[in-house]
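Below: one structure, written as structure tokens.
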Amino acid sequence: MGTLVNAENIRGVYYTEGKDVVAVNDVSIKIEEGEVLGLAGESGSGKTTLGSIISLIARPPLHVEEGTLEIDGQVQELGGHAKIPRTWRGAVVSMLPQGAMNSISPTKRIRQLVYDVMRSHESKISKEEALDRARERLTTLGLPARVLDAYPHQLSGGMKQRTVTIISTLLNPRLLVADEPTSALDVTSQKILIEMLLEMLEKRIMSGVIFVTHDLPVLRTAANRIAVMYQGKIVELGPTEIVVERPEHPYTQALMSSVLAPEPAYANTRIEGMSSFDRSLFDAPAVFH
Amino acid sequence: MSLRGLSPRFWVAAVLVAFVVLVGLIGPLIVSTNPDATVGGLYEEPRCCGPLILGADNEGQSVISNLVYGTRTSLIIGLVAGLIGTAIGLLVGLVAGYRGGWIDDVLSAIVNVGLAIPVLVIIILVSVSLPKRNLYTLALVIGFTAWFWVARAVRAQSSSIRTREHIDVAKLSGAGFWSILRRDVLPYLLSYVVMACILQISGAILFESTLSMLGLGASNTTSLGTMLYWAIQWGSVRTGAWWAFVPPTFMLTLIVFSLLLLQSSLNEVFNPRLRRGRAARKKAVKEGTELGTPIEAGDAGPVGTEGILESPVSAGRDR
Amino acid sequence: MALARYIGRKVAWTLVVFVVALLLNFLLPRLIPGNPVDTIVGQLAQGGGAGGEQLQQIHEQYMKEFGLDKPMWQQFFIYVGNVFQGDLGTSFAQYPASVNTLIAQALPWSIAIMLPAIIVGWIVGNLLGAVAAFKGGWLDRGAFIGSLFLSSVPPFALAIILLFLVAVKGGILPVGGAYSFGLTPEFSLAFFGDAITYWWLPFWSLVLVYIGGQAVGMRSMAIYELGSDYVNYNRGLGVKEGHTVRYIFRNAMLPQFTGLALSIAALITGGLITELVFSYPGLGSLLFAAIGQNDYPVISAITLLITIAVLIANLAADILTGFIDPRIRAVQSGER
């Protein structure tokens with residue numbers, strides 16, 4: 001197994017009047033072929049921002065100041081006014097949005113979106129062919145082909161999220177960036193979705209997944225490795241078991257203890273948070289200036 | 001809401017509105033000419049300095065004097081009718097939305113019928129039936145007729161507030177119906193009500209001028225609408241006596257435009273999503289309590305966003 | 001099926017409102033203290049337009065027509081019966097002309113300027129608003145301020161200024177009326193060519209205002225849609241902008257249908273006054289004359305016509321929305 005994606009020196013800044021807010025501060029990350037990389041952190045840690053930069057959908061007020069994305073030896077400059085080819089989106093790197101509820105226009109049938117996605121990348125494809133391919137993909141993954149004829153409001157939450165997952169991967173992207181795909185789902189649907197993602201990886205529909213979430217128990221079942229973000233930096237990166245069981249960084253420890261409270265005794269314990277942590281982080285000039 | 005959050009558009013609108021109000025308030029004090037006095041000949045041309053600075057109208061009365069008094073009249077009608085309409089709409093909408101049940105059904109049915117019948121039709125029918133029309137009866141008629149859309153919009157909002165937790169808390173603490181309405185529901189609607197009131201005022205001023213031009217205006221007072229009525233009936237446009245019709249036209253346009261501009265700039269303050277460009281960026285950070293996550297912060301929108309976007313933005317012209 | 005039920009409900013609702021409107025049209029004039037016919041005939045006498053014998057005739061005619069000796073509910077049914085037979089009564093002022101005749105003379109002129117103006121204004125306004133929202137930048141700013149200004153100018157103000165500048169000062173188009181003196185309305189090319197020169201100015205003064213109103217609304221809706229999740233998702237999937245624009249347009253369109261129906265009353269109001277400014281011989285001028293002469297049957301017929309026009313527009317918008325928005329059908333029928 002080799003390296004699938006190599007993202008280097010990514011710096012993402014929200015340009016605002018008066019002051020700029022650095023959300024992702026010089027982050028480099030690699031994704032191996034066939035792996036699920038979990039990207040964890042609390043809201044505001046920059047994980048979603050990093051996810052949207054890697055899935056090539058950064059737009060104002062977010063500006064990518066620096067960074068390159070290397071996939072299969074092809075290098076794409078991300079920073080400044082770099083022109084990112086439209087066809088990379090969806091075909092090379094694809095996104096799976098948070099809460100698929102509103103991700104499909106309420107007045108369009110699913111098949112319309114499917115057709116539009118396909119013909120945006122293969123201009124000569126006929127409607128029949130596009131729908132046939134989607135139908136085949138749906139049945140392979142155990143979904144009824146008739147969802148194509150549905151409007152989004154006719155699908156349940158879990159079904160909609162699975163449908164969107166399939167639409168996101170219709171073009172066999174190399175990398176799928178999933179942003180909180182399970183947050184809006186009940187536990188059963190979460191499980192089904194994760195199983196489906198793993199099955200798709202196995203079938204080589206895509207070759208790697210970045211799984212952005214604040215939900216550590218979900219990552220535990222889904223991810224091979226976990227990267228923990230805090231204030232725009234990756235503070236810890238390692239195999240799932242190690243990050244979960246023996247976190248090194250104090251922030252990760254705090255994060256873990258806030259999620260996994262196995263004993264009743266912990267219930268009354270106030271999370272100490274950052275007491276042992278280097279205070280200077282709060283003054284990090286890149287973040288608050 | 002700090003002053004820095006207000007757009008230049010707001011300040012332009014505020015200055016224009018202030019100017020109009022000044023004309024209506026102070027104008028009659030400065031222009032001492034009686035608007036009903038004959039000071040010149042038929043459509044006498046403007047000449048510098050004095051009551052004829054804007055010429056004379058079809059009865060030889062001073063146009064400038066009629067203009068400032070007319071502005072005052074139009075503003076009074078707008079204010080009285082606008083406040084009445086907003087108050088009724090607010091009350092009906094609050095009660096319907098917060099109470100729910102059969103009261104809501106009945107009130108909503110009334111409101112929907114009222115919305116379906118053109119306001120102008122009702123106003124014409126009522127005005128024609130009135131034995132006497134003066135400034136205040138006109139204002140009352142407009143106020144009591146044009147409140148339906150306010151009621152509907154407020155209802156939508158207050159019924160969404162009803163399901164919020166702080167209402168349960170208030171109920172559990174034993175607060176009464178009116179007290180909850182006043183202290184726990186109304187504050188969330190205030191921004192909305194202010195905007196609705198502005199639209200009501202500008203709408204009422206337009207209605208007044210429309211009625212006056214149709215010949216249903218106040219019989220004993222000069223308003224901007226009655227000025228236009230006389231100007232058109234006595235052929236000032238055709239004869240080129242621009243000083244008779246341009247000033248009231250300009251004033252009416254200024255009033256309505258500045259009020260709508262004020263409303264739309266306030267709407268942008270209360271609904272950040274309607275903005276774009278620099279202002280939007282500024283707001284994104286100011287409101288995002290967390291670092292750069294506008295994408296994640298989609299859940300807890302400010303109260304009021306929903307309802308306003310729900311109703312068509314052109315709500316002000318819905319009559 | 002679900003759609004049929006939805007439409008059925010809307011039609012039933014429209015009928016309910018229509019009955020309420022009839023009731024208002026019937027009841028309001030009868031709220032005047034005293035006998036309305038006495039009052040009105042008295043005013044006629046003051047005006048000196050008609051002699052004593054003629055007045056007596058009018059009085060009797062009206063007592064009979066209103067059926068004022070009968071109880072109120074019976075009067076209402078007589079009124080409704082007449083309306084449904086298409087009989088709008090007899091004019092006071094132009095006795096013995098029937099209201100139907102007067103309306104029939106005026107209505108075509110009103111339709112001729114209002115209908116094209118509403119349709120053209122709606123289409124152009126929506127296109128302008130959508131383009132402004134998509135393109136952004138100076139185009140957006142210019143179009144927005146321009147539209148906001150146009151939409152907040154009272155319609156008659158624009159009419160007055162256009163009349164003065166183009167017709168009186170410029171002398172480019174005729175000053176007022178609907179056709180040249182000496183001609184009679186007929187279906188001939190010559191008459192049409194003459195009438196259209198009178199038609200341009202009222203049409204333009206209406207259409208500009210409508211364009212402004214629609215553009216402002218559409219721009220806000222489109223900007224709102226541009227920020228929505230599905231636009232972001234489409235972009236992330238590399239969907240061509242041309243395809244996504246259609247999604248946005250369709251969604252932003254929905255409120256615009258309802259918006260058009262809601263604003264149709266304001267549009268008609270503007271149209272009536274515009275007719276007055278141009279002395280255009282439509283319903284607005286007829287209404288004005290009727291108000292001046294207390295010609296109650298004519299006033300009431302015109303208000304009824306306006307109500308019917310607004311109701312039909314609302315119904316049409318509801319039905320259209322039902323066809324376009326799948327969610328409405330679902331909510332109405334509980335399909336899930």
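Here is how names work: the chains are called A, B, and so on, in the same order as the sequence lines, proteins then strands, and each is numbered from 1.
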Picking from C/T14, C/I161, C/N25, which has the most non-hydrogen pairs under 4.5 angstrom with chain B? C/N25
Looking only at heavy atoms and a cut-off of under 4.5 Å, which of C/L287, C/L304, C/V310, C/L158 has the most pairs with chain B? C/V310
Beyond-backbone contact of C/W13 with B/N112, side-chain heavy atoms, under 4.5 angstrom: yes
Aromatic plane relationship, C/F288 with B/Y229 - under 30° parallel, 30 to 60° tilted, over 60° perpendicular: tilted
Per-residue contact mode, C/F156 against chain B (heavy atom under 4.5 angstrom): side chain
Residue C/F257 versus chain B: region with a heavy atom under 4.5 Å: neither
Pick whichever of C/V277, C/L311, C/V17 has the most heavy-atom pairs under 4.5 Å with chain B. C/V17
Measure B/L120 against the heavy atoms of chain C and call it side chain, backbone, both or neither at under 4.5 Å. side chain
Tell me whether the count of non-hydrogen atoms from other residues, nucleotides or ligands lying under 6.0 Å of CH2 in C/W122 goes above 12. yes
Out of the candidates C/L28, C/D295, C/I299, only one should pair with B/V128 under the side chain to side chain contact (heavy atoms under 4.5 Å, CB included) rule; please name it. C/I299
Which atoms of C/L24 come close to chain B, meaning under 4.5 Å heavy atom to heavy atom: side chain ones, backbone ones, both, or neither? both
Check each atom of B/L125 against the heavy atoms of chain C and say whether the ones under 4.5 Å are side chain, backbone, both or neither. both
Is there a side-chain contact between B/P118 and C/T269, using heavy atoms and a 4.5 Å cut-off? no
B/L228 vs C/I160 side-chain heavy atoms within contact, under 4.5 Å: yes
Under 3.5 Å, which donor-acceptor pairs do the side chains of residues 243-252 of chain B form with other protein atoms, sequence neighbours left out?
residue: B/W243; atom: NE1; partner: B/E44; partner atom: O; Å: 3.3
residue: B/W243; atom: NE1; partner: B/A56; partner atom: O; Å: 3.1
residue: B/T249; atom: OG1; partner: B/F245; partner atom: O; Å: 2.5

If you take all heavy atoms of C/V168 and B/R238, which pair is closest and at what distance? CG1-O, 3.8 Å
C/P154 and B/T253, any side-chain heavy atoms less than 4.5 Å apart: yes
Neighbour count above 12 (heavy atom, 6.0 Å) for B/W234 CH2: no
Taking the side chain as everything from C-beta on, heavy atoms only, tell me whether C/V153 gets closer than 4.5 Å to B/V256. no
For B/R9 against C/I145, the heavy-atom pair lying closest together: CD-CD1, 4.0 Å
Is the shortest side-chain heavy-atom distance between C/I273 and B/L214 below 4.5 Å? yes
What part of B/S264 is in contact with chain C, defined as an atom under 4.5 angstrom from a non-hydrogen atom: side chain, backbone, both or neither? side chain
Could you grab the distance from atom CD1 of B/I123 to atom OG1 of C/T303, nearest 0.5 Å is fine? 13.0 Å
Using non-hydrogen atoms and a 4.5 Å limit, figure out which bit of B/L259 sits close to chain C: side chain, backbone, both or neither. neither
Output all residues satisfying ring-ring contact (aromatic ring centres under 6.0 Å, His included) with C/Y280, sequence neighbours left out; order by chain, then residue number. C/W109
